[in-house]
Amino acid sequence: MADARPFHWEFQPEPVAPEAFRIEGGRVLEGTVQVSGAKNAALKLLAAATLTGERCTFTNVPEIEDVRVMADTLRDLGVTVDHPAPNTYEVASGDVEWLFVPLEAAAKMRASFILLGPLLSRFGRVIISNPGGDRIGRRPVNLHVDAMRALGAEIEYRNGYYFAKAPGRLRGTTVTFPFVTVMGTENAILAAVLADGHTVIRPAAQEPEVDDLIAFLRKMGAEIERTGPDTIEIEGRKRLRGADHRVVPDRIEAGTFVVAAAVTGGRVTLEGAPCEHLAAFVETMGRVGVSVSCGVDTIEVSGADRDAYRAVDIETAPYPGLATDLQSPTCVLLTQAHGASRVHEAIFEDRLEFLGELRRMGARVDIADPHHATIHGPSPLHGAEVEIGDLRAGASMILAALTAEGTSTIHGAHHVHRGYENIARKFQELGARIERAAEPVAPAATA
Ligand code: EPZ
């Protein structure tokens, strides 16, 4: 069967209640904010719990829409998922009833594809929807499929779904990626920990969320370690046990609040902040002239020198490089820096699109191609009505609106709730004027 072309469907999941943010900009942010658990760790940890029939307990899980979608997707499979207290989830996947991950889950959340590896590895078969692309790029999953096939799986692609099976057990092998893929690495890990034999994965992603997944798998009894900066080796086991785990703090949320303090000229302390996971970002802040100091698990930010920020060139890269998820917040800061900043978004092909919305607020931006742009500053931003389409661009629009003089309305705020816990309340507690407002729902089309 011809392999997967990037699959763009017409299907639209039922909409999360459409929402807007109304923000009155120009206020200085001050105070303390608690960093939540990392979305991009929590989603994979919940999926990894399907590798055992024993109960797993996760704490510091962010209360965000994507986690609720993952929990519901697991429940639809027949997995027991309890949510006994805020930020705590318990998973027990004894006898999974269905090995089918529907289009709806994939349409809502690309990360549902992380279920391929564990379900294939533990149960030997799964039908899973192609998650397709989203607003930041095509985002194919060919490398995930190649890795499963290298481990001995048979996978066919039909009508938007991957039909995957592993006759007997998956077999350990060397999985070689053409370039770093975070979830590709994670799917390969989740398949190999129960495979028969030894697996080597390279180049393996080095993101801290991958290390958090490895730490949890070790607690489950998996034999897995990094044997080189971009190499992971695994000795497959026949079965794994339940374990408890606290989700690593969210470095992307932390970076977002660092920029919020910097652009408003404020003074903010981040608590529970993983400074050690933000080296490239903190270095960039230093070059711009933002005062950032790291404690054991705190970050102190001062925007006192806001009028003297310097333009800098930035380039995104796999960890430990500058995170692509922090590119858009950094771009908002660069609109306030003196000079021309060149931006190279090297990971995704559509992740500079949001700069077009920034122009509506007064930013001076030249987009040369899908990977390169130049930001000229400083530009005084003014309030505007803007639309957002993806999670990180949405959070960055909030930062721009906080910087702007006047009032802004940001449509599509529900995208932000996918990945940031209580973001409006956290900003309010720092002194921002931000309100959530239900969007008028368009009347249903009459026949
Ligand atoms: C993860 O996405 C994160 N998502 C992304 O965060 C993050 O931006 C990205 O890693 C890069 O750090 C989750 O962990 C849920 P990739 P992932 O595979 O794994 C191409 C957010 O907002 N590629 O490392 O999907 C791909 O198109 C999200 O939290 C293939 O070509 O990213 C991209 O150009 C956004 N074929 C590059 O590799 C494949 O099979 C790197 O993507 C897989 C990826």
Side-chain angles (χ1 to χ4, degrees), residues 3-7 36-48 62 64-67 69-70 105-106 108-117 130-150 155 157 162 175 177-190 201 203-213 230 247-248 250-253 255-256 277 280-281 316-329 345-352 354 370-371 388-396 415-420:
D3 215 345
R5 298 170 305 291
F7 175 71
S36 299
K39 165 178 88 78
N40 290 347
L43 297 176
K44 296 37 168 310
L45 293 164
L46 289 170
I64 56 176
E65 185 58 24
D66 273 11
V67 165
V69 169
M70 180 60 87
K108 285 180 184 173
M109 181 185 66
R110 173 184 169 78
S112 59
F113 206 68
I114 199 64
L115 287 164
L116 173 65
N130 179 337
D134 61 15
R135 290 287 297 259
I136 63 175
R138 287 171 53 245
R139 304 186 72 191
V141 287
N142 58 311
L143 303 182
H144 300 237
V145 173
D146 294 348
M148 295 305 115
R149 286 177 172 149
I155 301 186
Y157 181 73
Y162 289 98
V175 174
F177 289 118
F179 47 80
V180 168
T181 159
V182 173
M183 281 206 307
T185 298
E186 292 167 329
N187 247 330
I189 289 172
L190 292 169
I201 302 170
Q206 303 177 54
E207 273 66 9
E209 295 76 25
V210 179
D211 284 334
D212 204 41
L213 178 63
D230 65 352
V247 179
V248 69
D250 194 320
R251 60 194 167 103
I252 306 304
E253 184 198 22
T256 304
H277 298 155
F281 173 75
T316 61
Y319 195 88
L322 180 65
T324 173
D325 293 349
L326 287 173
Q327 175 258 108
S328 54
E345 167 51 62
I347 306 290
F348 291 110
E349 64 269 21
D350 297 346
R351 213 164 201 179
L352 293 176
F354 99 100
H371 291 281
I388 56 172
D390 86 82
L391 170 61
R392 304 304 177 184
S396 303
H415 290 285
V416 181
H417 297 317
R418 284 188 45 212
Y420 291 89

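Indexing begins at 1, ligand by ligand and atom by atom, following the structure's order. Residue indices begin at 1 and follow the sequence shown. Bear in mind that the values here come from a model prediction, so they are computed numbers and not experimental data.
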* To do: Report the C-alpha separation of I114 and L43 in whole Å, then their side-chain angles, then the decisive distance to 0.1 Å, and conclude whether the side chain to side chain contact (heavy atoms under 4.5 Å, CB included) test is met.
  => CA-CA 8 Å; I114 199 64; L43 297 176; 5.6 Å; no
* To do: Assess the side chains of Y420 and R392: does a donor N or O sit below 3.5 Å from an acceptor N or O?
  => yes
* With sequence neighbours left out, write down each residue that passes side-chain contact (heavy atoms from CB on, under 4.5 Å) with A204, or none if nothing qualifies. => T185, I201, R226, I232
* To do: Give the ring-plane orientation class for Y162 versus Y157, where under 30° counts as parallel, over 60° as perpendicular and anything between as tilted.
  => tilted
* H144, portion touching ligand 1 at heavy-atom distance under 4.0 Å -> both
* E209 touching ligand 1 at heavy-atom level, < 4.0 angstrom -> no
* Of the backbone atoms (N, CA, C, O) and the side-chain heavy atoms from C-beta on, which set of E349 has a member under 4.0 Å from an atom of ligand 1: side chain, backbone, both, or neither? -> neither
* **ligand 1 contact on R351 by region, counting heavy-atom pairs under 4.0 Å** => side chain
* Asked: Can you tell which part of V182 has a heavy atom less than 4.0 Å from ligand 1: side chain, backbone, both or neither?
  -> both
* Asked: Quick one: which ligand 1 atoms are inside 4.0 Å of a heavy atom on K39?
  -> 21 (C), 29 (O)
* So, E345 versus T316: side-chain donor-acceptor pair below 3.5 Å or not? -> yes
* Asked: Quick one: does F179 get within less than 4.0 Å of ligand 1, heavy atoms only?
  -> yes
* Closest approach of Q206 and P320, non-hydrogen atoms and distance? -> OE1-CD, 4.2 Å
* Asked: Do any nitrogen or oxygen atoms of T324 lie less than 3.5 angstrom from nitrogen or oxygen atoms of ligand 1?
  -> no
* Do the side-chain N and O atoms of S396 and S328 include a donor-acceptor pair separated by under 3.5 angstrom? -> yes
* To do: Pick one of side chain, backbone, both or neither for how M183 approaches ligand 1, counting any non-hydrogen atom pair under 4.0 Å.
  => both
* Asked: A147 and V175: which non-hydrogen atoms are nearest, and at how many Å?
  -> CB-CG1, 3.8 Å
* To do: Give yes or no for whether the N/O distance cutoff of 3.5 Å, strictly under, is met between I347 and ligand 1.
  => yes
* Asked: Do the charged groups of D325 and K39 touch, with an N to O distance under 4.0 Å?
  -> no
* State whether the shortest distance between N or O atoms of G184 and N or O atoms of ligand 1 falls below 3.5 angstrom. => no
* N187 side chain vs F113 backbone, donor-acceptor pair below 3.5 Å -> yes
* Option set R110, R392, K44, criterion heavy-atom distance to atom 29 (O) of ligand 1, minimum -> R392
* Just go through D325, T181, V180 and tell me whose heavy atom is the nearest to atom 28 (C) of ligand 1. => D325
* State the atoms of ligand 1, each with its element, that fall below the 4.0 Å cut-off from a heavy-atom position in L143. => 36 (N), 39 (C), 40 (O)
* Asked: Got a sec, which residues hit side-chain hydrogen bond (donor to acceptor under 3.5 Å, both in side chains) with K44, two or more places apart in sequence or on another chain?
  -> E186
* Structure fact -> Numbered in order shown, the ligand 1 atoms found under 4.0 Å of a heavy atom of V141 are 39 (C), 40 (O)
* Please work out which of Y319, F113, F177, F348 has its closest non-hydrogen atom nearest to atom 42 (O) of ligand 1. => F348
* Would P140 count as a contact of ligand 1 if the rule is a heavy atom under 4.0 Å away? -> yes
* To do: Please confirm whether L43 comes under 4.0 Å of ligand 1, counting heavy atoms of the residue only.
  => no
* To do: Decide, yes or no, whether a salt bridge links R251 with E209 under the criterion of side-chain N to carboxylate O below 4.0 Å.
  => yes
* Answer yes if the side chains of D390 and H415 hold a donor-acceptor pair under 3.5 Å, and no otherwise. => no
* Structure fact -> Short version for L391: what comes under 4.0 Å of ligand 1, heavy atoms counted, is side chain
* Structure fact -> With heavy atoms and a 4.0 Å threshold, my read on which part of V145 contacts ligand 1 is neither
* For E186, is the nearest heavy atom under 4.0 Å from an atom of ligand 1? -> no
